[in-house]
Amino acid sequence: MDIFLRHFSEKSRVEQTWLSELFCSVRDRLLPVLSEGMVVDEVALAVVSRLQGCFSVDSLPLSFRCVCVSELFSRQRSPCFSSLAMSTSQHRELIRETEQALPSHRALPRANLLLIGCLSTGMEGWRVSDSSGSVHCELLYPDPLWINQPMLFPSWNFIPINTPGKVGQEAGYLELIASPIHLTPDAVTFDPGGSLPESLGVKEAVRRMREKRPGKELLCVNGEVCAVSPLLVIAGKRFFSFSLRERDYTVPILVMDSRYVFWRSCVCVGRRVCVRALRVCSLRGWVGQRVLSVTPQSRLLAPALPDQQPGTTALVDEVETDQSVPHSPQESCTDIQTAHTDAQASCADVETNAAQREECASGASSATHAACAVKIKHSKIISYKGVITAVTDQEAGLYVIDGKVGLCLAYQPLRWNSGLRPGAEVELQHVHFLFRPSPHCLPTMLCACLRTSVRVTAFSLVAPDSSAPSSSHDALPRFLLERNLGVSEYLWLHYYSTALQQRLCPRWVCEARVCVVASRLLECVCVCEQDRKPRDIYREMLKEPHLCPLSEYRVCGVGCEVPSISKLCEWLTEECWSSLSLSSLLPASAVALTRAELNPLLSWSFRTWSVQEQPKLALLMGMLESSPSAATLQLRDRTGALDCVLVESTAEAGSQRPADNTAWLGCLVCIRRCTLVAERFLKSNFPSWKHLKEEKYITNKHCRVYVQVCVSDLHILSPSTAMSLLLQERENQPMREKATNEERRSEPGRRESEGAREEMTAEEGPSQPGCGTSEGEKKNPIKERASEDSRGGAREKDTAEGGKRSGKRMREEEEEECSSGRDGMEQAEKSGGGDSKRQKTGAQVNSTAATEPGLMGREAGPTSDPCVSLTVCVETKQGVALRNQQLSSGATPGLSLSFVATVTCLGRAQGWESDPRNSPLQEREYETPHTQLDLQFISSAVRWFPLLHPGSVYRLVALHTEDVAVFSVKTERFKGGVKSHGNPSLVVQPRWRVHTLAISPLTTQISPSQAQNIKTISQVLQNSSCPDIVSFYGIISQRIMLAEEQGKAPVIPSLIKDKDVCVETDLRFRLTVEDAEASGQSIQVYLDLSHNPFIPGLISGATVVLHSFHRSVSRKGNVYCRFLPVSCVTVTGLGSADSDSARHCLPPPMMLLGEWVRPEERQRCMLGRLKVHVTCVLHLKMQWTCSLCGSIYKQSGCSRTFPSCDSSSAVFQAEAKVAAEDGTGEAHVWFLSEMVPTLLLLGATEWEGLQWRVRVRGLVRVYARGWDMVSDMNAEDPLVRYLCMLCSSSSVCRELNVTCQLRAQKQEAPQMRRMKRGEREFLSKFPSPLQLTCTHTSPLPHTL
Ligand SMILES: [Zn+2]
Ligand SMILES: [Zn+2]
């Protein structure tokens, strides 16, 4: 050291201390890694002289501290930038510029660190090493001659990688901004080693390669680099390829020797290089293709670029003048614009072709894939240079360049982290340009394939975004390779992985599993190509003309959206109001309706949408859960919840029943086929129909949206534990495949071509009626998935290298032989083969039911926690309502949702070592005689309501207890001294679970319940011996809101406000329910749901079972039903607007008056067609009515005087009653308002004129007296005379074809009438004539 310091004897004491520290550093850190013969003093002196060379002045950088590699890792926790040459003001200016260009980023903080080391090579490329360790480094234009040379690094960034949980990964890397400076001047000599063969041009090399037998002679080739592949890792073996070009000739060179991996950064496109000692070899599986491959003697000569001379470039210059990469044809943004138009033009070219293919495809897979319209486009290959402005998702390989161009590196299977940060300048050679490959990315996308060289040409000066949340999307590139995804599908997958993470994590799915769920969703949405060829890496890298998975891309249509629940609800709400046309809700007679009649007609309406017909929707996705506050099933995600009416098809074709399987709770499902329903509730105050356009008369409006779905249309993305058990149980059953063949065929999204899958389906057992016919279909996807997952897991353990895995898969189909580097490839082959075998047999991995470890938020997996159970069969259940309940002792009694289910206990309570869940019923659980029990579900326990149905068998499980007494019942036979005849009752605790049990031989022994006495409508109508309380089923044909009861104060709202219960206030309506078996029979049912949670699904076309309704008979003898507090409404079949219109297409039956008058016919048929003769007009009334108060309205205003009415709107009402007969009987037919002009044969203008004349008088009434028409008014009034004449004219008294409805009428005794025939008089009984209302007239067929 003294010799060294002697050179600086004139320096100050501080400088001397600094120099001695430098000396120690060189001695301890650098010297041990240098070759023999280096003298420490010389090296230290060289360092000082190079340092002084960096500065123009002869001073020492005293503010800099020597740092070694291990110190960087251990102490430098944040990214930093170090530069010897840059002054403080220069640095400040640089920061300002950088932060201006990227406003959301901060520049790297400066650290004054002095780094001296030796450049060496490693597995990934270049490294900086000293005696304390080595660190990966990125260089811009390295020279192969730098290897093993001591260097001073004048300017660099250090980027630490603090990935929690990723142990073993290096903790950072260096970006060498300026070229390193040699410390030994004589090091630039080159020893080629052995004799030098002549250097060939590319053309000559190509000729020789054709001639030579592989592996005989070593060639030396020089030329310009035209393509560089990414570094691939296959079975731990690293390799890459590059091509040299000379005019039209190219020669591919494979670098299979991992010692030469560092060449990759030396061979950049456009650089001239010379490669020595290459061997000619051929690729197996690619006949005739020969390539050059490196040998252990190979050397690369890459002359340094003119402005990249080591040690001469000052940093600032470099940063600013680095635009000078030669030979690279660069696309500016204007070029991109032209590329746009080209791309669009080429799209148009291929579209017809694509359309044809699409037809073929859709023909094969029918309408099941209608969700995704596919369009094929061709990509264009370009070169591009730009600055990375954002990292969309590093793990998924997605970036943004220049703020407007997307970059996808996912097809290059390796880690992409080095240097690709915001602010870095990148050069892309041979990159695919895609235009609008997906709606979920920027319109312009650049996608890199195995041919693309991605090169950082200037390192970023901003700090990496440490705040960016970890996306756990590292599995995505793996899916890309495993499933052979197209780029559109990949971008879709990435978008929805992020979306699902936001919607489901962490409550339902853990972050690590999001990608798996997203990929299953992708399978449901997109037609993943079955015929896509497996990737062949060598062809992709080397073959001319270039062909790779990115050459052609399929653009998924916009219909691939999977909206979040809240988005869906928003959309539904919006659509529901925008599609509302008030006038369409009104009948033709609306013009004559007063305010009181009009507004109730507007107060409720509904609209349905079929999801598969929506262009913007692919499917719905969410967790199936049950809501304790609404007592309904819901489809949920973190954004919201949507009520769900779930039914399942029964064995009987076309018929449905409510879903009863609790295993569905906790399943993550997606739904392609379903009906979305919006019910609109409107409070309005329209004076008359003329004011319908004026919004101000709407006082309140809201809507209820929900989804109606059949179990067979649910696709499980992730099963609940109980569902997994159920599916496993099915699998263990013996083969009974024939029965399910039909069902399986109908499953959408099935991949018919998969052999393995076919095998599996053949083993599947028939589906269980207890759990819905369709669940059998679900088994296979799940099974497949379970196996996929286990494989995925295994792979992850297998290796930490993403590229390794992907490489394996890529190698599945291709085998190659390359004389050099053969050992490595053999290994790769084995591994690839093994992998493919695993792929094929993977489907046999046994457990479907393996609980998915990542799914959370549901019951824990099987444990040895003891529990007790009770098995019951439900006999009847009440409806859920707010009832006064005394909950646990001490709690204050109050309103809470509750219901009671009467059940038959199949046996005594049983103890279990672990939760039996829904495992099959065991012998010990079944014991006769059975006893009856009332189960009380209170408060949060009402969540079981939607899945508890009479006739189904359930296991009630109390967890964490061994005490069977929890199910012991209070037998309160004597309640307050009164003997109770009711069943003993048991309160279901909120923490108990209910599991639906599949039908088994044991449960079929249970005799069909007598209590469940469900009648048809006809039985309710006709059987006078019917009990007062009836249960019946039918199809809803009409729903009408009942007018608000004036002056009735709502009692409930204040009480329920804080209960968080979903009650529709003042929901009173009338349902017209038709007989499901016999047409024409219908009953009116009055419901008052103001104490009950809203019941979705009560729309026309829906089949409902109405339990425990009160049967009443009106004064006029009509049978109707009323809702009771214990009544329960269950939707058993789904309705829709379509079914509504379909039902009303059928014309009513043709009737004869003589038949219709009979009581049984009157019960049977409400609406009929008649051909009648009008004998006379009995009366005709025309009136202007005040639409607000209903009084007569004259020209000047409302005639009401006390209190006076200042209404300004009036409606015209007309009513005519005629006597009609058809030869078999007589009837009185009423014609109301809009039917009157038809009866009187008046045209529109005549009718209008008549209305104006009536307006002066307010009311005109004429009626028959004897054979004449008379009026109470002045008989000379011309209007009266005209009407009297008209009514008795033969044009009115004529034949008519009418459709009539029975009017409610009292059953009267037949009239006695005196008849005269000739001389004789008879006294004869005539039944009172039928009272009918004409709803429609049709012209008579023209007869001569
Ligand atoms: Zn390509
Ligand atoms: Zn009035």
Side-chain angles (χ1 to χ4, degrees), residues 625-634 643 660 662 665 859 867-870 872-905 909 932-950 952 954-961 963 965-972 975-976 980 982-996 1051-1064 1089-1095 1107-1108 1123-1130:
E625 289 196 340
S626 178
S627 155
S629 64
T632 55
L633 283 177
Q634 287 184 332
D643 282 346
D660 66 348
T662 53
L665 299 178
E859 309 103 282
C867 58
V868 289
S869 80
L870 182 69
V872 300
C873 176
V874 174
E875 301 291 334
T876 57
K877 71 166 178 178
Q878 281 182 352
V880 176
L882 284 165
R883 297 187 175 93
N884 261 319
Q885 296 290 350
Q886 181 151 19
L887 296 168
S888 55
S889 56
T892 47
L895 284 180
S896 49
L897 286 182
S898 69
F899 73 98
V900 173
T902 305
V903 300
T904 303
C905 298
Q932 283 218 327
L933 188 65
D934 278 349
L935 289 180
Q936 292 196 32
F937 295 80
I938 300 169
S939 197
S940 67
V942 300
R943 70 182 196 275
W944 302 109
F945 179 79
L947 293 169
L948 281 185
H949 295 292
S952 299
Y954 301 87
R955 179 184 285 135
L956 213 60
V957 178
L959 295 171
H960 319 304
T961 178
D963 180 16
V966 295
F967 291 124
S968 66
V969 293
K970 285 180 274 175
T971 321
E972 289 182 43
K975 221 178 201 172
S980 155
N983 295 319
S985 73
L986 176 66
V987 176
V988 175
Q989 298 302 314
R991 295 178 62 84
W992 291 0
R993 310 223 180 268
V994 178
H995 292 286
T996 310
V1051 195
I1052 298 301
S1054 59
L1055 285 171
I1056 59 173
K1057 203 171 274 173
D1058 54 332
K1059 294 274 178 197
D1060 190 29
V1061 170
C1062 203
V1063 171
E1064 198 66 48
L1089 297 184
S1090 41
H1091 290 62
N1092 302 65
F1094 177 76
I1095 303 173
H1107 291 277
S1108 312
F1123 185 81
L1124 294 172
V1126 293
S1127 298
C1128 176
V1129 184
T1130 310

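Note that the coordinates shown come from a computational prediction; the quantities given were computed from them, not determined experimentally. Sequence positions, counted from 1, serve as the residue numbers for this chain.
Between F945 and F899, the angle of the ring planes goes over 60°, which puts this pair in the perpendicular group of the 30/60° scheme.
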Stepwise side chain to side chain contact (heavy atoms under 4.5 Å, CB included) check, L935 with L956: CA-CA 11 Å; L935 289 180; L956 213 60; 4.2 Å; yes
Side chain to side chain contact (heavy atoms under 4.5 Å, CB included) between K877 and H949, intermediate numbers included: CA-CA 7 Å; K877 71 166 178 178; H949 295 292; 3.8 Å; yes
From CA spacing to verdict: side chain to side chain donor-acceptor pair (under 3.5 Å), T632, D643: CA-CA 6 Å; T632 55; D643 282 346; 3.0 Å; yes
V903 and Y954: CA distance, side-chain angles, deciding distance, side chain to side chain contact (heavy atoms under 4.5 Å, CB included) verdict: CA-CA 10 Å; V903 300; Y954 301 87; over 6 Å; no
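When V900, V988, V987 are each tested for a side chain to side chain contact (heavy atoms under 4.5 Å, CB included) with I938, only one passes: V987. If you run side chain to side chain contact (heavy atoms under 4.5 Å, CB included) between F937 and each of L897, V880, L948, only L948 comes through.
Counting only heavy atoms from C-beta outward, the side chains of S985 and L933 never approach each other to under 4.5 Å. A heavy-atom distance below 4.5 Å is found between the side chains of L947 and L665. Looking at heavy atoms from C-beta onward, F1123 lies in side-chain contact with N1092 at the 4.5 angstrom threshold. For the pair H1107 and Q878, the minimum side-chain heavy-atom distance is 4.5 Å or more. Within the 4.5 Å cutoff, no side-chain heavy atoms of T961 are placed close to those of L959. Contact of the L1089 side chain with the F1094 side chain is not registered, since no non-hydrogen atoms from C-beta on lie closer than 4.5 Å. H995 places a side-chain heavy atom less than 4.5 Å from the side chain of V957.
With rounding to the nearest 0.5 angstrom, the CD atom of Q634 is 4.0 Å from the OG atom of S627. A distance of 10.5 Å separates CG in L870 from OG in S968, rounded to the nearest 0.5 Å. With values rounded to the nearest 0.5 angstrom, L986 atom CG is found 8.0 Å from C905 atom SG.
Taking all atoms of both residues into account, the shortest heavy-atom contact from P1125 to A881 is O-CB, 4.5 Å. The two residues P1093 and A630 make their nearest non-hydrogen contact at CB-O, 3.5 Å. The minimum heavy-atom distance linking V966 with A958 is given by the pair CG2-CB, 4.1 Å.
Although no hydrogens or angles enter the test, the distance criterion places a donor-acceptor pair under 3.5 Å between the side chain of R943 and the main chain of P990. Listed for the S1127 side chain is a donor-acceptor partner under 3.5 Å among the backbone atoms of S1108. Although no hydrogens or angles enter the test, the distance criterion places a donor-acceptor pair under 3.5 Å between the side chain of T662 and the main chain of V994.
The distance between the ring centers of F967 and W992 falls below 6.0 angstrom.
Residues S939 and S896 have side chains that never bring a donor and an acceptor to within less than 3.5 angstrom of each other. The closest side-chain donor-acceptor pair between D934 and T902 falls under 3.5 angstrom.
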